[in-house]
Every structure is written in structure tokens, then in C-alpha cells.
Amino acid sequence: MDNDEARALIEARLQQLRQLSYGQLRELDKERREVVAESGTTYQIVSYVLHDDKKHGHLRVSVAADDSGWRAYFPLVSDFIIAPDGSFIGE
């Protein structure tokens, strides 16, 4: 797996998810996509939203990538946290 290529796919998906509102993100659960990169490698891109313990608290939006090889056990992951007011935490 090409880590730079996988990171670019993760960042592209995170940018798409950043365009959604807090309310839209709350409705998401887990999504799996297969993406063929320019190199011809097929990546599994998994997006998921984790809720904190409060009813309307922060959301952690994560995207993981692997090439279905051994990296499936240790995928590359990146994420962001969004507050109920739509602001991004830690940025």
C-alpha cells in the first residue's frame, strides 16, 4: 500500500464530509467504499461517525483506508471533531 496515496484518498473524503452540516453528520453511521487510485490499487475507504456520551455533543468523524492486505488490520486513519454549533474542534 502506498501510504501517500492512501492519505490523499482519506483527505479527499474528509474534505467531502467537512461540507456536511452537524445535523447531516449526526445521521451518518458507517460507509464503506472501494476506490481505485491512479496507481491501479483498490482501496477500502471506510467513513464513520462516533458520538460522544451526550445526546447533542461533539462528533468525531473518521476515515480509514487499507488495500485489503495486511493493512486491513492496521489501516491509516484520520479524523476531525465537530461541535454542535458547526465549529471544528482543535483547529
Side-chain angles (χ1 to χ4, degrees):
M1 181 167 95
D2 181 325
N3 287 345
D4 291 333
E5 187 172 62
R7 279 190 189 95
L9 294 171
I10 289 170
E11 289 306 315
R13 182 63 183 136
L14 284 172
Q15 286 303 324
Q16 291 171 345
L17 293 168
R18 283 176 176 269
Q19 303 307 309
L20 300 178
S21 69
Y22 175 88
Q24 291 170 311
L25 289 169
R26 280 193 76 220
E27 298 301 317
L28 294 180
D29 185 27
K30 185 175 183 180
E31 175 191 75
R32 181 183 162 278
R33 297 179 176 186
E34 285 190 357
V35 176
V36 178
E38 289 183 24
S39 69
T41 302
T42 300
Y43 291 92
Q44 309 303 313
I45 306 297
V46 180
S47 308
Y48 49 97
V49 177
L50 302 170
H51 303 259
D52 74 1
D53 61 349
K54 297 177 184 172
K55 186 173 182 179
H56 296 284
H58 298 149
L59 302 175
R60 180 178 299 270
V61 180
S62 297
V63 176
D66 69 77
D67 63 355
S68 298
W70 69 268
R71 285 305 297 242
Y73 297 103
F74 302 101
L76 290 178
V77 179
S78 190
D79 59 16
F80 64 85
I81 299 172
I82 187 169
D85 67 2
S87 64
F88 295 100
I89 307 298
E91 299 183 349

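Heavy-atom basis, side chains included; hydrogens, waters and symmetry copies ignored.
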If you look at every heavy atom in Glu5 and Ser39, which pair is closest and at what distance? OE1-OG, 2.8 Å
Could I get the full list of salt bridge (charged side-chain N to carboxylate O under 4.0 Å, His left out) partners for Glu38, not counting sequence neighbours? none
Can you list every pair that meets salt bridge (charged side-chain N to carboxylate O under 4.0 Å, His left out) and has a residue in residues 14-27, with sequence neighbours left out? Arg18-Glu91
Measuring from atom CG of Asp66 to atom CD of Gln44, what distance do you get when rounded to the nearest 0.5 angstrom? 5.5 Å
Using side-chain hydrogen bond (donor to acceptor under 3.5 Å, both in side chains) as the criterion, point out the one residue from Lys30, Arg32, Arg13, Gln16 that pairs with Ser47. Arg13
Hydrophobic cluster membership, Val61 vs Val35, 4.5 Å side-chain cutoff: yes
pair Ile10-Tyr43: side-chain heavy atoms closer than 4.5 Å: no
Measuring from atom CG of Leu17 to atom CG of Asp79, what distance do you get when rounded to the nearest 0.5 angstrom? 11.5 Å
What is the distance from atom CG of Leu20 to atom CG of Leu25, rounded to the nearest 0.5 Å? 5.0 Å
Any Leu14 side-chain heavy atom under 4.5 Å of Ser78 side chain: yes
Does any part of the side chain of Arg60, heavy atoms only, come nearer than 4.5 Å to the side chain of Val49, both counted from C-beta? no
What distance separates Leu50 CG from Asp29 CG, expressed to the nearest 0.5 Å? 9.0 Å
dist Leu59:CG -> His51:NE2 (nearest 0.5 Å) comes out at 6.0 Å
Report the residues that fulfil side-chain contact (heavy atoms from CB on, under 4.5 Å) with Asn3, sequence neighbours left out, ordered by chain and then residue number. Met1, Arg7, Arg71, Leu76
Consider only side-chain heavy atoms of I, L, V, M, F, W and Y, link residues closer than 4.5 Å, and tell whether Val46 and Leu9 are in one cluster. no
Are Leu28 and Tyr22 in one and the same hydrophobic cluster, where Ile, Leu, Val, Met, Phe, Trp and Tyr link if side-chain heavy atoms are under 4.5 Å apart? yes
Starting at OG1 of Thr41, measure out to CG of Asp67 and round the result to the nearest 0.5 Å. 7.0 Å
